[in-house]
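What follows is a short report on a single structure.
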Amino acid sequence: MCSFAMESILIIGAAGQLGSELTQELANIYGGDHVIATDINPEALEKFDFCKSIRMDVMDQEAVRKVVKEENVKQIYHLAAVLSATGEKKPLFAWQLNMESLLFILELAKEEKLDKIYWPSSIAVFGPNTPKINTPQYCVKEPNTVYGISKQAGERWCEYYFQKYGVDVRSLRYPGLIGYKSLPGGGTTDYAVDIFHKAIAGEHFVSFLNEETYLPMMYMPDAIKATIDLMHAPIEDIKIRSSYNLSAMSFSPKEIYSSIKLHYPDFSISYQPDFRQAIADSWPDSIDDSHARQDWGWKHEFGLSEMTADILKHLPSFSF
Ligand code: AKB
């Protein structure tokens with residue numbers, strides 16, 4: 001008698017900022033029995049009581065291959081990465097983790113004939129010579145962070161595996177992601193999450209970016225919706241196989257502070273730019289995402305004031 005494991009979706013790096021919320025949404029859609037949350041940190045996996053969870057290091061190729069085969073994995077969301085600020089502190093490690101893991105997952109998808117792969121790219125693929133305002137999909141990209149270089153190279157590999165081997169890999173260039181259900185780690189846009197925690201704790205906020213630094217940003221529910229919409233779009237609608245520009249809003253530390261101050265009038269801020277200022281200065285102020293809107297119907301919901309009101313409504317009673 002032979003038995004077949006039901007088809008599964010594997011999330012690598014599930015305990016991170018994006019993974020925590022995406023895993024929940026995938027379990028809502030497909031059922032917890034079909035979703036496997038994996039992360040290198042075993043304690044962080046405790047929150048995934050609504051789906052399967054396995055402690056797994058993406059650099060342990062045999063372990064990943066074993067899970068894919070034994071659990072009949074058909075789709076992988078590969079979210080594990082070192083982000084921009086941490087990447088500048090550990091450049092060789094960031095390159096190794098970000099690149100080797102992606103290449104391995106693409107190769108595995110080819111060998112095992114997986115249905116679909118999702119891999120996040122970022123606005124970090126752009127650099128100081130990129131047009132800063134309404135940055136187009138196709139333009140000069142000369143990233144000067146290790147994270148950005150790894151995302152740019154990763155995009156080329158994604159397109160290569162699609163064109164040469166037919167691997168259905170899909171990707172979005174996320175702006176800074178802001179949510180209240182999980183904490184980011186090691187990014188340049190993280191200040192826009194930290195600021196809410198300081199506001200509700202009644203504490204002063206010190207911004208590591210100066211007051212006029214505009215960056216593209218997105219509220220997490222929009223990012224989750226974009227990811228699911230992209231992955232559900234018919235294959236013929238996906239015209240870009242590197243990664244899609246994606247946009248919702250753009251603001252500076254001063255503007256998000258003002259938005260929060262409307263709800264918390266005593267909230268105070270000061271500015272002490274550090275090494276992350278140079279990273280932010282090399283990235284676009286705003287993004288043109290018309291290809292995503294045309295090809296698969298992307299539409300964002302939240303702007304700065306809607307996001308601020310929603311976070312300040314939920315964060316005070318949310319426990320990590
Ligand atoms: C970071 O700041 O490194 C990330 C990103 C924009 O990809 N949030």
Side-chain angles (χ1 to χ4, degrees), residues 13 15-22 77-91 93-95 97-99 101-102 118-128 130 132 135 141 143-155 158 171-197 207-210 213-224 226-227 230 242-253 256 273-287 289 292 300 307 311:
Q17 187 202 13
L18 174 65
S20 301
E21 298 198 36
L22 192 54
Y77 288 71
H78 173 26
L79 311 179
V82 175
L83 298 190
S84 58
T86 306
E88 292 311 288
K89 291 184 181 153
K90 301 178 184 168
F93 172 66
W95 176 256
L97 178 79
N98 293 2
M99 290 318 305
S101 65
L102 173 63
Y118 180 76
W119 175 78
S121 186
S122 159
I123 53 164
V125 294
F126 300 114
T130 297
K132 254 186 145 11
T135 301
K141 289 177 205 67
N144 59 9
T145 61
V146 176
Y147 174 63
I149 298 169
S150 74
K151 289 295 180 190
Q152 188 193 34
E155 287 190 5
C158 288
S171 177
L172 297 170
R173 288 178 185 148
Y174 290 121
L177 300 182
I178 305 163
Y180 64 87
K181 294 185 184 165
S182 54
L183 292 169
T188 302
T189 58
D190 296 4
Y191 89 86
V193 177
D194 300 339
I195 193 169
F196 285 100
H197 290 264
S207 170
F208 59 72
L209 298 182
N210 71 38
T213 308
Y214 281 83
L215 284 172
M217 298 281 188
M218 181 173 285
Y219 191 30
M220 194 60 88
D222 272 338
I224 301 298
T227 310
L230 176 78
S242 50
S243 190
Y244 275 96
N245 273 12
L246 190 72
S247 166
M249 61 182 120
S250 177
F251 58 75
S252 62
I256 191 172
D274 65 13
F275 73 100
R276 289 167 281 194
Q277 184 66 49
I279 300 177
D281 288 343
S282 77
W283 289 351
D285 285 9
S286 57
I287 299 285
D289 61 355
H300 73 278
M307 175 184 80
I311 294 179

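Just so you know, ligand 1 is whichever comes first in the structure, and atom 1 is the first atom listed for that ligand. For the single chain, residues carry numbers from 1 onward in sequence order.
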Exercise. Output, in order, the C-alpha distance, side-chain angles, deciding distance and verdict of side chain to side chain contact (heavy atoms under 4.5 Å, CB included) for I311 and Y219.
Key: CA-CA 9 Å; I311 294 179; Y219 191 30; 3.5 Å; yes
Self-check item: Working for side chain to side chain contact (heavy atoms under 4.5 Å, CB included), residues H300 and M249
Solution: CA-CA 9 Å; H300 73 278; M249 61 182 120; over 6 Å; no
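Using a 4.0 Å cut-off to heavy atoms of S84, the atoms of ligand 1 that qualify are 1 (C), 2 (O), 3 (O). Distances below 4.0 Å separate heavy atoms of L83 from the following atoms of ligand 1: 3 (O). The ligand atoms of ligand 1 that sit less than 4.0 angstrom from a heavy atom of S122 are 5 (C), 6 (C), 7 (O). Proximity to W283 (heavy-atom distance under 4.0 Å) selects the following atoms of ligand 1: 1 (C), 2 (O), 3 (O), 6 (C). Set against the non-hydrogen atoms of Y147, the atoms of ligand 1 under 4.0 Å away are 3 (O), 5 (C), 7 (O).
The aromatic rings of F208 and Y191 lie perpendicular to each other, with more than 60° between the two planes, well past the 30° mark.
Remark: the Q277 side chain and the T213 side chain contain an N/O donor-acceptor pair separated by less than 3.5 Å. Looking only at atom types and distance, the side chain of S84 has a donor-acceptor partner in the side chain of T188 under 3.5 Å away.
Under the 3.5 Å distance criterion, the side-chain polar atoms of S20 are matched with a main-chain donor or acceptor of A15.
Scanning the protein heavy atoms around atom 2 (O) of ligand 1, the nearest turns out to be T188 N, 2.7 Å.
Any N or O atom pair closer than 3.5 Å counts here, and T189 shares at least one such pair with ligand 1.
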